[in-house]
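Heads up, the thing below is written out as C-alpha cells.
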Amino acid sequence: MSLWERLQALARIGAAPDGQGLVRWPFTPAEAEAVAQVRAWMEADGLRTRRDGAGNLFGRREGTDPAAAAVLVGSHLDTVRGGGSYDGALGVLGAMEAVAGLPALRRPVEVVAFTNEEGNRYPALLGSRALTGALLPDELDRRDPDGMPLREAMAAAGLDPAALAGCAAQPGRYAAYLELHIEQGPVLEASGTPAGIVERIAGLRMGTATLLGRADHAGTTPMDRRADALHAAAGALSAAYAAADGLGRPAVLTCGRLTLRPGSPNVVPAAVELTLDMRDAEVGRLDRLAEAAHAAFAAAAEAHGVKLRWEMRPGTPPTPMDPGLCDILEAAARDLGLPCLRMTSGAGHDAMAVARIMPAAMVFVPCRGGRSHTPDEYASPEACANGAALLREAVRRCAS
Ligand code: GLV
Ligand code: MN
Ligand code: MN
C-alpha cells in the first residue's frame with residue numbers, strides 16, 4: 001500500500017459522522033484500532049514492533065551495528081476532537097514510508113507512534129514525556145473532561161498504569177529524533193515552498209481558569225446583586241485577548257472550551273470553567289502574556305464578587321531544534337532539489353518533549369490554506385511524498 005493509501009485508510013478510523021472530522025482520543029477504542037492497524041503495517045514492512053507502558057508503539061529495524069544508538073522517527077496517532085487526517089498521521093506513516101526505502105545502514109532505526117500528543121483528554125505529549133522521563137508528579141491522577149483519572153483510562157485500555165513510569169529510554173539508546181508534520185500554518189503554501197525546517201517550537205502555557213459565583217434567578221436578580229461567573233469571565237477574556245493582540249505575532253491566546261454550571265437558560269451562571277492555551281516563541285513574551293491573562297481574570301473576579309481558581313500547568317518553554325540536524329535536513333533537501341525555508345513552529349509537537357534527551361529536528365510540508373485541527377485539513381499526495389522523501393534522506397544520513 002502506498003503512503004497515500006495508508007493515510008486515507010487510517011483516516012477512516014475514528015471518523016465522526018457527517019464529515020465532522022476525526023476523534024481519536026487516547027485510550028479509546030478508536031485509538032486502539034488505529035494503533036493495531038499501524039502495528040500490522042509495521043510488521044508487514046518487516047519492522048519488529050513493541051508497545052511500551054505509555055502505549056507508545058515502536059517498529060524497529062536493526063542496523064549493521066546492533067549496538068549503535070538508534071535513530072528515532074515518528075509522530076502521534078491521536079487527534080483533537082474534529083481533527084484532520086494528516087496531523088500526526090503523516091509523521092508516523094511517512095516515517096514508515098521513509099524507512100521502507102532505506103538501504104542497510106549502521107544504526108538501527110525505530111519508527112514511533114506516540115500516545116496522546118494533543119492533550120484534549122489528558123496533559124499533552126504524554127507518550128513523548130514518558131519516553132524522556134518527564135512525567136508530572138500527579139500524572140496518573142489527572143482527569144479527563146468527564147472526570148475519569150488517567151490510571152482508570154489506561155487500565156480500561158488494557159495498559160498497566162504502574163508501567164507508565166518505567167518508559168524512560170535508557171541513556172544512549174537513541175542518537176537523534178526526526179519528525180515529519182504538516183505545517184498547520186500558511187507560510188509554505190503561500191511562498192510555494194515544498195519543505196520547512198523547524199528551528200524552534202513556540203513555548204506554551206495551558207490550563208484552566210474557573211470563576212465561582214452564585215446561581216440566582218435570571219428574571220428577578222438585579223444586575224447589581226449578582227455574582228455572575230460568566231459576566232466576570234466575559235470581561236476577563238476580552239482583556240486577555242487584548243493582551244495577546246497587543247503583544248502581536250506570534251503571541252496567541254485561545255479559549256477552546258468553556259463549561260457553564262448549572263448551564264440553564266434562566267439561571268445566573270454559578271461557575272464557569274474555561275481552558276486557556278497561550279503561546280509565543282520567546283519565554284519573556286510568554287510570561288508577559290500569561291501574567292496579563294492572570295491579572296485580567298483576577299481583576300474581573302474582584303469586580304464581580306466571584307472567586308478565581310487559576311490552574312496553569314508548568315507548560316513547555318520555547319524549544320530550539322538541534323542545529324546540526326537542521327543542517328542535515330537542509331543538505332538533504334538541497335540534494336533532492338526541494339527548496340526549503342527555516343521556520344518556527346507555532347504548534348506543539350512530540351519533538352519538543354523528545355529534545356530534552358536527544359538532538360531533535362522537524363520537517364514541515366505545506367497543507368491547504370494552512371488549515372489544521374479541522375476536518376478541512378488537507379495535504380496533497382505530492383506534499384506528503386516530498387516529506388517522506390526528505391525524511392528518508394535525512395534518516396539515511398543520520399543512521400549511516
Ligand atoms: C498540538 O497539536 C498543539 O496543540 O500544538
Ligand atoms: Mn501533531
Ligand atoms: Mn495537533
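Order of listing sets the numbers, starting from 1, for every ligand and every atom in it. Fair warning: this is a prediction, and the values are worked out from it, not measured in the lab.
- Follow the hydrophobic side-chain contacts under 4.5 Å out from V363 and you reach V73 in the same cluster.
- For ligand 1, the atoms sitting less than 4.0 Å from at least one non-hydrogen atom of A347 are 5 (O), numbered in the order shown with element in parentheses.
- Note that CD of E117 is 11.0 Å distant from CG of L126, once rounded to the nearest 0.5 Å.
- Of all heavy-atom pairs spanning A215 and V267, the tightest one is CB-CG1, 3.9 Å.
- By the criterion of a heavy-atom distance under 4.0 Å, neither the backbone nor the side chain of H349 is placed next to ligand 1.
- Residue contacts with ligand 1: H373 is placed with a nitrogen or oxygen under 3.5 Å of a nitrogen or oxygen of the ligand (distance criterion only).
- Close approach of ligand 1 to E118 (heavy-atom distance below 4.0 Å) involves ligand atoms 1 (C), 2 (O).
- Closest to atom 4 (O) of ligand 1 by heavy atom, among R279, M352, M206, is R279.
- Of all atoms in ligand 1, numbered sequentially from 1 with element shown, those under 4.0 Å from a heavy atom of E117 are 1 (C), 2 (O).
- Considering just the N/O/S atoms of H373, the one nearest the Mn ion (ligand 3) carries the name NE2.
- Between D350 and S128, the side chains place a donor N or O and an acceptor N or O closer than 3.5 Å (distance only, hydrogens not considered).
- Hydrophobic clustering (ILVMFWY, side-chain heavy atoms < 4.5 Å, transitive): F297 and L247 are in one cluster.
- For the atom pair M1 CE and W41 CH2, the distance stands at 5.0 Å (nearest 0.5 Å).
- For the residue pair R129 and P123, the shortest heavy atom distance occurs at NH2-O, 3.4 Å.
- With the Mn ion (ligand 2) as the vertex, NE2 of H76 and NE2 of H181 span 120° to the nearest 10°.
- The OD2 atom of D87 and the OE1 atom of E118 meet at the Mn ion (ligand 3) at an angle of about 130°, given to 10°.
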